[in-house]
Amino acid sequence: RRKYREALRRARLAYQAALRKAARERARQLARLKRLRAERDRKLRELERKRRVAPGEECRDPRLRQYFHCSTGHLPLPPPK
């Protein structure tokens with residue numbers, strides 16, 4: 001009976017250590033994911049800022065303005081097909 005209790009105690013300690021290790025790993029992965037998402041968002045904002053242009057000649061005609069959606073301030077693109 002004493003051997004069983006000792007084995008059970010060791011198993012519980014090992015299980016608790018594994019849980020702590022898994023929690024540390026999960027926290028590390030979440031921090032990495034948060035950092036990568038922030039970097040991606042920063043790059044997307046930079047890309048959007050670079051795409052921003054003043055409306056050009058094509059946005060002066062009302063029909064073309066409606067076709068190209070010139071109110072966004074981005075490069076004029078035709079609507080998706």
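Here Arg40 contributes atom CZ and Leu33 contributes atom CG; the two are 11.0 Å apart, rounded to the nearest 0.5 Å. Distance check: Leu44 CG to Glu48 CD gives 7.5 Å after rounding to the nearest 0.5 Å.
Ion pairing between Arg28 and Glu25 holds under the 4.0 Å rule for side-chain N and carboxylate O. Note on Glu6 versus Arg9: salt bridge recorded, some NZ/NE/NH1/NH2 to OD/OE distance being below 4.0 Å. By the 4.0 Å N-to-carboxylate-O rule, Arg35 lies too far from Glu39 to be salt-bridged with it.
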